[in-house]
Participant: 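Following this message is one structure expressed as structure tokens.
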Protein chains: 2
Amino acid sequence: METAARPLTRIQQEKREVILEAALDVFSASGFRGSTIDQVADAAGMSKPNLLYYFRSKEEIHATLMERLLHTWLAPLHEFDDGDDPITEIRGYIRRKLEMARDFPRESRLFANEILQGAPRIMSLLEGELKQLVDKKARIIRKWMRAGKIARTDPYHLIFAIWATTQHYADFDVQVRAVLGPDRDGEGRFEDAARFLEQLFIGCLKA
Amino acid sequence: METAARPLTRIQQEKREVILEAALDVFSASGFRGSTIDQVADAAGMSKPNLLYYFRSKEEIHATLMERLLHTWLAPLHEFDDGDDPITEIRGYIRRKLEMARDFPRESRLFANEILQGAPRIMSLLEGELKQLVDKKARIIRKWMRAGKIARTDPYHLIFAIWATTQHYADFDVQVRAVLGPDRDGEGRFEDAARFLEQLFIGCLKA
DNA sequence: GCATTTTTTGACCGGTTGGACAAAGGTTAG
DNA sequence: CTAACCTTTGTCCAACCGGTCAAAAAATGC
């Protein structure tokens with residue numbers, strides 16, 4: 001039914017990487033609907049038909065991008081696990097998420113764009129894999145609370161708050177920079193944010 | 001140089017309202033580039049040329065929408081003022097912001113879309129009006145800290161955290177609902193969020 | 001060298017989109 | 001009734017966009 005799937009050549013893999021990198025740039029800046037194949041092709045340094053030789057359609061580029069994104073995006077939450085010290089564990093999770101906002105802002109914005117549009121392409125993943133993962137972590141957090149290791153609160157909304165505050169520095173970057181002003185520009189804002197968020201979450205959970 | 005600007009008739013004002021309401025629906029769901037004038041016209045119950053009789057262009061609809069949006073969007077922060085009890089003041093601000101996320105999710109998403117795209121149309125407002133407003137409020141918060149009424153922390157990142165956590169329930173609504181699952185669906189999540197956020201912010205600031 | 005396969009490109013196509021326009025239909029004032 | 005104005009619509013257009021295709025160019029295998 002299908003032509004024998006011969007493995008990708010070295011050059012094919014490389015070109016696909018170049019295209020995905022360019023597409024991440026363009027899609028994260030203008031959204032999927034707001035971007036054109038020509039823009040991606042330009043950014044990738046090739047012609048439109050050439051790009052379409054490596055990916056069958058614009059949709060396929062986006063799908064490939066989303067698949068990779070989700071893998072790396074959930075990694076920090078996977079690492080979050082039942083350790084000796086809950087405070088250390090939560091602090092580590094916040095730090096990792098904030099580092100991702102700093103180092104992978106394009107991925108964060110691409111994800112935010114998808115959710116904002118109602119997450120049509122990844123809804124099943126949100127309701128399945130993501131929900132189950134969060135459920136598992138929420139159970140760990142509840143155990144810590146019952147053991148009296150941290151203050152009692154809603155674990156789901158705690159996770160939402162960590163997501164919201166950390167991703168804010170990637171998704172709303174222009175606003176953050178505009179409000180902080182030119183004098184407080186530079187990468188220092190991420191260290192300030194790290195200090196603040198630690199105080200906010202840990203200070204609240206220790207009580 | 002310009003034709004005498006005669007006042008809008010009653011019917012013109014009403015139709016413009018209908019169009020803006022429809023455009024808010026469409027733009028907030030699909031983004032500006034992802035929406036078409038036809039979609040807006042359909043949602044407004046009129047033909048495309050008729051819509052373009054009331055607004056010169058798609059761009060003008062969006063600009064009008066953004067102008068209004070920003071006015072209502074900054075209202076809660078304007079209310080936030082130097083009162084007797086800092087805790088009451090901050091709690092009130094969080095509550096108002098969360099109510100806006102609940103009652104005006106379309107406005108929140110439209111704003112988020114604009115910021116995500118780099119805020120090309122409102123950059124000057126962010127660097128001017130918004131920055132000055134936040135600077136003023138940050139000074140108030142610092143005064144409270146110096147007076148020992150609340151714990152010391154970075155007032156700017158405190159405001160960012162309040163924005164991020166509250167708007168998250170509008171902008172990432174589908175994700176929140178997917179993770180909470182069908183059993184915890186309904187409007188109850190806003191009350192849970194209110195309780196959690198109060199505990200998070202107030203609990204941290206009282207220390 | 002030559003044959004075969006892979007890569008690249010220019011030209012093209014059908015559908016969509018923002019917008020123009022003139023004509024038709026309504027409304028209001030005298 | 002009629003003249004002036006306001007509102008609505010059908011039609012059209014030029015630009016754009018995703019995608020095809022055949023043919024040229026380059027790489028590869030022998």
Participant: Picking from dG19(D), dC21(D), dT9(D), which would you name as closest to the side chain of Ser47(B)?
Facilitator: dT9(D)
Participant: Identify which nucleotide among dG19(C), dC21(C), dC6(D) has an atom closest to any side-chain atom of Lys58(B), counting heavy atoms from C-beta outward.
Facilitator: dG19(C)
Participant: Which part of the nucleic acid does Lys15(A) contact within heavy-atom distance under 4.0 Å: base, sugar-phosphate only, or nothing?
Facilitator: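 Since only primed, P, OP1 and OP2 atoms lie under 4.0 Å of Lys15(A), the category is sugar-phosphate.
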Participant: Quick one: do Arg95(B) and Glu79(B) make a salt bridge, cutoff under 4.0 Å?
Facilitator: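 Between Glu79(B) and Arg95(B) there is no salt bridge, as every charged N stays at least 4.0 Å from the carboxylate O atoms.
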Participant: Whole-Å distance between dC6(D) P and Glu14(B) CD?
Facilitator: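 Going from CD in Glu14(B) over to P in dC6(D) covers 17 Å.
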Participant: Let me know the distance between CG of Asp38(B) and P of dC16(D), rounded to the nearest Å.
Facilitator: 19 Å
Participant: Which one, dG19(D), dT17(C), dA11(C), comes nearest to the side chain of Pro49(A)?
Facilitator: dA11(C)
Participant: More 5' along DNA chain C: Tyr54(A) or Arg56(B), using each one's nearest nucleotide?
Facilitator: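 Closest to the 5' end, via its nearest nucleotide, is Tyr54(A).
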Participant: Is the phosphate of dT8(C) approached by Tyr53(A) (side-chain N or O, under 4.0 Å from OP1 or OP2)?
Facilitator: no
Participant: Quick one: Arg16(A) CZ to dT8(C) P, roughly how many Å, whole number?
Facilitator: 14 Å
Participant: Between Glu21(B) and Arg106(B), is there a side-chain N and carboxylate O pair less than 4.0 Å apart?
Facilitator: yes
Participant: Touch check for Ile37(A), heavy atoms < 4.0 angstrom, all strands: base, sugar-phosphate only, or nothing?
Facilitator: sugar-phosphate
Participant: Among dG19(D), dT8(C), dG19(C), which nucleotide has an atom closest to any side-chain atom of Asn50(A)?
Facilitator: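 Shortest atom-to-atom distance from the side chain points to dT8(C).
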Participant: Starting from C1' on dT9(D), measure out to CG on Asp42(B) and report it in whole angstrom.
Facilitator: 14 Å
Participant: Atom CD of Gln39(A) to atom C1' of dG19(D): distance rounded to whole Å?
Facilitator: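 Going from Gln39(A) (CD) to dG19(D) (C1'), I get 17 Å.
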Participant: Are the side chain of Arg91(A) and the backbone of Glu198(A) linked by a donor-acceptor contact shorter than 3.5 Å?
Facilitator: no
Participant: What's the CZ-P distance between Arg33(A) and dT16(C), to the nearest Å?
Facilitator: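 Result: 12 Å.
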Participant: Report the distance from atom CG of Leu52(B) to atom P of dT11(D), rounded to the nearest whole Å.
Facilitator: 18 Å
Participant: How many whole angstroms separate atom NZ of Lys48(A) from atom P of dT7(C)?
Facilitator: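 It is 21 Å, rounded to the nearest whole Å.
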Participant: With a 4.0 Å cut-off, would you call Arg121(A) and Glu114(A) a salt bridge?
Facilitator: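 Result for this pair is yes, salt bridge flagged.
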Participant: Judged by atom type as modelled, is there a donor-acceptor pair below 3.5 Å linking the side chain of Thr165(B) to the main-chain atoms of Ile162(B)?
Facilitator: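 Between the backbone of Ile162(B) and the side chain of Thr165(B) there is a qualifying donor-acceptor contact (under 3.5 Å).
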Participant: Report yes if at least one side-chain N or O of Gln12(A) is closer than 4.0 Å to OP1 or OP2 of dT6(C); otherwise report no.
Facilitator: no
